[in-house]
Amino acid sequence: MPYYNLKALIKGIRACKTMADERALIQQESAAIRASFREEDVYARYNNIAKLLYIHMLGSPAHFGQIECLKLVASPRFADKRLGYLGIMLLLDESQEVLTLVTNSLKNDLNHSNMYIVGLGLCTFADIASEEMSRDLANEIEKLLGSSNTYIRKKAALCALRIIKKVPDLIDHFVSKAKSLLTDRNHGVLLASITLVSEMCQLDEGCLNEFRNAVPLLVRNLKALVTTGYSPEHDVSGISDPFLQVKILRLLRFLGKGDVKASETMNDILAQVATNTDSTKNVGNSILYETVLTVLDIEADSGLRVMAINILGKFLSNRDNNIRYVALNTLNKVVSVDTNAVQRHRNIILDCLRDGDISIRRRALELSYALINEQNVRVLVRELLAFLEVADDEFKTGMTTQISLAAERFAPNKRWHIDTVLRTLKLAGNFVREEILSSFIRLVAHTPELQAYTASKLYTSLQADISQESLTLSAVWIIGEYSEVLLEGGIVDEEQPKHVSDMDVLDLLLSALDSPYTNHLTRQFVLTSITKMASRPTASSEQQQRVAEVLAKHTTSPELELQQRAVEFASLFTLGELKVGVLERMPPPEPKATVMGVVSENKPVGSTRATKDADLLGDEVTSPTSQANGQPTQSNQDLLAEIFGSSNSSATSTSPQPTQKTTVQDILGLFDTPTPSTTTSAPVLTSSSAFPLLQTQSQPTPTPQPAQPPAAPRLTSYTAYAKNELKITLTPQTSVARPGVVNIMARFQVTGSNAASGLNFQAAVPKSQQLQMLPLSSPDVRPGATESQQMRVIAPPGVNVRLRLRISYTLAGQAIQDQVDFSGFPPGLTGST
């Protein structure tokens with residue numbers, strides 16, 4: 001039995017005991033409503049639509065009532081029109097074909113004499129208007145903007161906002177009307193009109209010049225709101241109409257950006273708002289925050305900017321985590337514009353590192369990195385190291401990188417720089433990137449005055465803690481290279497140097513070899529280091545005999561890499577004096593750009609005298625130099641390119657590559673000709689290249705003289721995809737020493753004016769080949785920029801490389817997905833069979 005009205009239906013649904021009973025009731029009632037629609041029962045139509053909308057809100061189908069809603073709208077009764085328009089807004093959207101039937105009804109009601117019926121039409125238009133409907137009814141909306149009724153003007157302004165969003169070409173129709181609306185005294189009309197003007201200025205830069213003349217008017221309106229007394233109609237927590245104040249401030253930000261004259265006009269009122277607004281309540285904080293954003297965007301004077309940054313600093317002491325987060329986020333954007341003003345709040349920012357909210361700690365960390373300079377590097381690095389000791393694991397990789405970067409750029413001397421990296425290795429050695437270790441070793445190699453000090457510190461650190469991988473790797477490498485300095489001077493990290501014997505050093509290194517924390521890479525380092533120590537003229541016979549036993553033991557190791565090194569080093573021991581030349585101390589590598597810049601050669605060494613106070617934060621070192629290292633830092637693409645062994649990604653693929661000595665070539669220079677590795681497994685992309693000696697396997701030859709590295713070959717790019725304003729080129733590179741291995745650099749460029757966002761690049765190869773891919777440098781490709789992604793294909797020699805590429809991205813709001821097959825590489829790329 002169908003229910004007569006909505007109230008009875010609601011009562012019946014609530015009486016259902018199970019979901020199945022409720023669904024059955026709704027299906028039964030829907031069938032009764034459809035039958036009533038077919039009978040054209042005019043008197044029951046109102047109740048049927050009301051019940052149908054309730055059913056729609058419960059999540060059940062109600063689309064069959066769309067036409068009936070249109071019939072209700074055509075009724076002369078206001079109640080019928082109100083329910084009909086409500087049904088249209090709920091059951092229709094701009095993609096429905098039925099919407100074309102609504103246009104005529106809307107046009108009639110927009111010209112109705114009853115203001116409330118006009119209001120119903122305006123509300124419906126603002127909610128569901130399509131591009132076609134916007135064009136058809138734009139003239140009616142334009143007329144209503146000049147209505148004498150404030151109720152209609154307010155709603156017409158919001159309809160005009162819908163029109164310009166759907167059809168930006170119609171902006172010119174509303175410019176003059178929008179100007180007149182800005183003079184309205186009604187707060188509702190003024191709020192709607194300012195929203196309309198703000199959208200116009202964002203969509204069309206030409207509107208900025210049109211509305212800049214209205215800046216004095218906006219300033220007067222804002223001043224009236226700030227200085228007005230209590231107004232019960234617009235008061236919110238003691239502040240007069242904060243919504244309108246925020247809208248005016250936002251529009252002033254658009255109009256004052258890049259315009260000195262307009263900015264001067266609004267400077268005084270912005271200062272007045274910033275000083276007179278109550279900051280004890282959230283309403284006042286919202287106005288202050290919008291004021292800060294306006295001051296920072298316009299051409300304001302320096303005093304006003306400092307005041308804005310001071311407001312953000314005051315936000316940092318607020319108990320509300322949301323306000324503190326917003327302040328930190330804004331300061332991160334401002335710090336590059338006015339660093340000195342942000343520096344005044346350094347202590348509060350550092351206090352945020354101890355906040356319980358992880359998002360606040362993350363933003364405070366980012367801001368702390370940006371604040372580091374030559375004057376405060378000691379203080380800030382001390383605070384960051386203190387936080388590193390208790391930081392979450394997800395922070396440690398980024399923190400170790402940033403601390404090392406700051407030490408490289410702003411270190412007052414090399415002694416402090418070495419102490420900083422050593423402290424970082426002790427605290428978070430398992431989270432240190434290989435580029436940091438590589439740069440640290442270069443620094444030690446280029447600072448002979450501190451080699452004894454560094455070796456001593458690493459020796460004592462390794463004795464205390466062997467669980468930090470990066471600390472163990474650097475200690476093993478440096479002790480192996482500079483063991484004579486350590487044996488001659490002893491442990492210099494104490495008031496009285498402590499003698500250490502060669503067997504003590506050997507025992508320490510062998511303890512690292514047997515440690516449960518040791519991995520395959522550390523074992524390779526240890527074998528190399530003890531072999532180099534035993535090859536020195538100062539090595540005792542006991543040490544040489546013990547090293548020979550260790551090497552012999554590992555010649556049968558199940559690890560292929562370790563076994564090969566042990567066999568090679570054991571063979572070197574039988575070659576007499578040749579081993580001395582092959583295993584002699586490596587020359588200092590050339591200064592090379594890494595994630596931490598270029599090893600600085602012009603910084604003072606600092607104190608080389610060992611005292612208890614001469615540690616990381618000692619005060620006896622020399623003052624900071626006036627010059628910071630201005631060398632450009634290397635991008636992530638360059639670092640990945642080094643790991644892959646490919647050319648610098650910043651260079652064009654068609655230009656000749658300059659000859660540059662790499663970390664791998666440092667050790668290759670000790671041999672006559674390198675031999676390919678006998679490892680048959682797929683190469684591991686994350687293997688460390690920080691320590692050249694352990695990166696390459698070579699057979700000794702009678703010529704220990706360094707060989708000149710060959711010039712880099714000329715690389716050619718091949719276009720794999722060029723559609724929809726996106727171009728993808730592939731640049732292959734091969735090595736004679738590794739046939740069948742092809743390193744491919746994929747580069748992504750936008751050929752049009754729109755940015756490609758959310759780029760997802762996937763590749764596949766035939767079953768006979770293997771593919772390895774590194775992450776994309778950035779999923780957003782901007783016009784004029786180039787993003788890259790590294791790939792490595794391992795194929796049988798003589799087989800052509802074939803790729804199936806799948807690309808998906810968003811361009812100008814449109815999702816694009818495509819798939820192409822690429823086989824354009826020249827034959828013989830993988831070598832001959």
Side-chain angles (χ1 to χ4, degrees), residues 226 237 239 242 245-246 249-250 252-253 256-257 263 266-384 386-387 391 395 399 402 406 410:
V226 174
S237 299
I239 295 178
Q245 290 192 47
V246 167
L249 288 168
R250 193 168 298 170
L252 289 176
R253 182 161 83 245
K257 189 173 183 179
S263 299
M266 61 184 78
N267 274 343
D268 292 340
I269 187 60
L270 291 176
Q272 191 172 353
V273 171
T275 53
N276 293 346
T277 303
D278 183 13
S279 62
T280 59
K281 298 178 181 177
N282 224 17
V283 177
N285 287 329
S286 64
I287 296 175
L288 288 174
Y289 176 64
E290 202 64 42
T291 304
V292 169
L293 294 182
T294 303
V295 169
L296 297 177
D297 268 13
I298 67 173
E299 305 299 320
D301 54 42
S302 58
L304 201 58
R305 287 181 180 272
V306 171
M307 182 183 67
I309 294 175
N310 288 341
I311 292 175
L312 293 176
K314 190 176 181 181
F315 281 175
L316 291 178
S317 58
N318 197 297
R319 292 183 179 182
D320 190 337
N321 280 354
N322 293 324
I323 295 177
R324 300 169 71 189
Y325 181 87
V326 165
L328 288 170
N329 210 24
T330 309
L331 286 171
N332 267 313
K333 301 174 183 177
V334 178
V335 66
S336 59
V337 178
D338 195 344
T339 307
N340 292 331
V342 181
Q343 288 281 3
R344 297 190 183 98
H345 309 284
R346 187 178 67 203
N347 293 333
I348 303 179
I349 295 169
L350 292 176
D351 288 340
C352 292
L353 292 176
R354 291 179 281 275
D355 193 273
D357 192 324
I358 188 172
S359 59
I360 291 181
R361 295 201 301 271
R362 183 178 288 111
R363 290 291 171 263
L365 264 181
E366 294 173 359
L367 188 55
S368 300
Y369 302 149
L371 290 177
I372 299 177
N373 56 30
E374 290 182 346
Q375 286 71 37
N376 61 21
V377 63
R378 291 177 181 272
V379 177
L380 283 180
V381 168
R382 180 193 295 121
E383 293 289 340
L384 291 175
F387 178 65
F395 289 142
M399 285 193 68
Q402 291 291 343
F410 304 115

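Atoms considered below: every heavy atom in the structure, side chains included; atoms not considered: hydrogens, waters and symmetry mates.
Between E299 and K257 no salt bridge is recorded (no basic side-chain N to carboxylate O distance below 4.0 Å). A salt bridge is defined here as a Lys NZ or Arg NE, NH1 or NH2 lying under 4.0 Å from an Asp or Glu carboxylate O, and D351 with R354 meets this definition.
The minimum heavy-atom distance linking T291 with A274 is given by the pair CG2-CB, 4.3 Å. Annotation for A364 and L328: closest pair N-CD1, 4.0 Å, computed over non-hydrogen atoms. When every heavy atom of L288 is checked against every heavy atom of S279, the shortest pair comes out as CD1-CB, 3.5 Å. The two residues M399 and L384 make their nearest non-hydrogen contact at CE-O, 3.2 Å. Considering every non-hydrogen atom in both L293 and R253, the closest pair reads O-CD, 3.3 Å. Residue V377 comes nearest to A406 through the heavy atom pair CG2-O, 4.3 Å, listed as atom of the first residue, atom of the second, then distance.
Contact of the I323 side chain with the L316 side chain is not registered, since no non-hydrogen atoms from C-beta on lie closer than 4.5 Å. Residues Q402 and L365 have side chains not in contact (no heavy-atom distance under 4.5 Å, counting atoms from C-beta outward).
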Practice task
Would you check, one step at a time, whether the test side chain to side chain contact (heavy atoms under 4.5 Å, CB included) holds for V326 with F315?
Solution key: CA-CA 8 Å; V326 165; F315 281 175; 5.5 Å; no
Practice task
Check the pair V381, F410 against side chain to side chain contact (heavy atoms under 4.5 Å, CB included), reporting the backbone distance first and the verdict last.
Solution key: CA-CA 10 Å; V381 168; F410 304 115; over 6 Å; no
Practice task
Apply side chain to side chain contact (heavy atoms under 4.5 Å, CB included) to L353 and I360, showing your working.
Solution key: CA-CA 8 Å; L353 292 176; I360 291 181; over 6 Å; no
Exercise for the section: Show your working on side chain to side chain contact (heavy atoms under 4.5 Å, CB included) between L270 and I298 and close with a plain yes or no. Expected result: CA-CA 11 Å; L270 291 176; I298 67 173; 3.5 Å; yes
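Separation of atoms CD1 (I348) and CG (L312) is listed at 11.0 Å; rounding is to 0.5 Å. A distance of 16.0 Å separates OG1 in T277 from OH in Y289, rounded to the nearest 0.5 Å. Rounding to the nearest 0.5 Å gives a distance of 5.5 Å between CD of E366 and CG of N332. Note that SG of C352 is 12.5 Å distant from CZ of R363, once rounded to the nearest 0.5 Å. Once rounded to the nearest 0.5 Å, the distance linking OG1 of T294 with CG of L304 reads 10.0 Å. If you take CG on L371 and CG on L350, they are separated by 8.0 Å, rounding to the nearest 0.5 Å.
By the side-chain contact (heavy atoms from CB on, under 4.5 Å) test, Q245 is found to be paired with L222, L225, V226, I239, I287, residues two or more places apart in sequence or in another chain being considered. Listed by chain and residue number, Q343, R346, I372, N373, L380 satisfy the side-chain contact (heavy atoms from CB on, under 4.5 Å) test with N376 (two or more places apart in sequence, or in another chain).
N310 places a side-chain N or O within 3.5 Å of a backbone atom of V306 that can act as its donor or acceptor partner. S286 places a side-chain N or O within donor-acceptor distance of the main-chain N or O of V283, the cut-off being under 3.5 Å. Judged purely by atom type and a 3.5 angstrom limit, S263 uses its side chain to pair as donor or acceptor with the backbone of G256. Judged by distance alone, with hydrogens and angles left aside, the side-chain atoms of R361 form a donor-acceptor pair with the main-chain N or O of G356 at under 3.5 Å.
Contacts classified as salt bridge (Lys or Arg N to Asp or Glu O under 4.0 Å) and involving residues 301-329 (residues at least two apart or in different chains) are given here: R324-D355.
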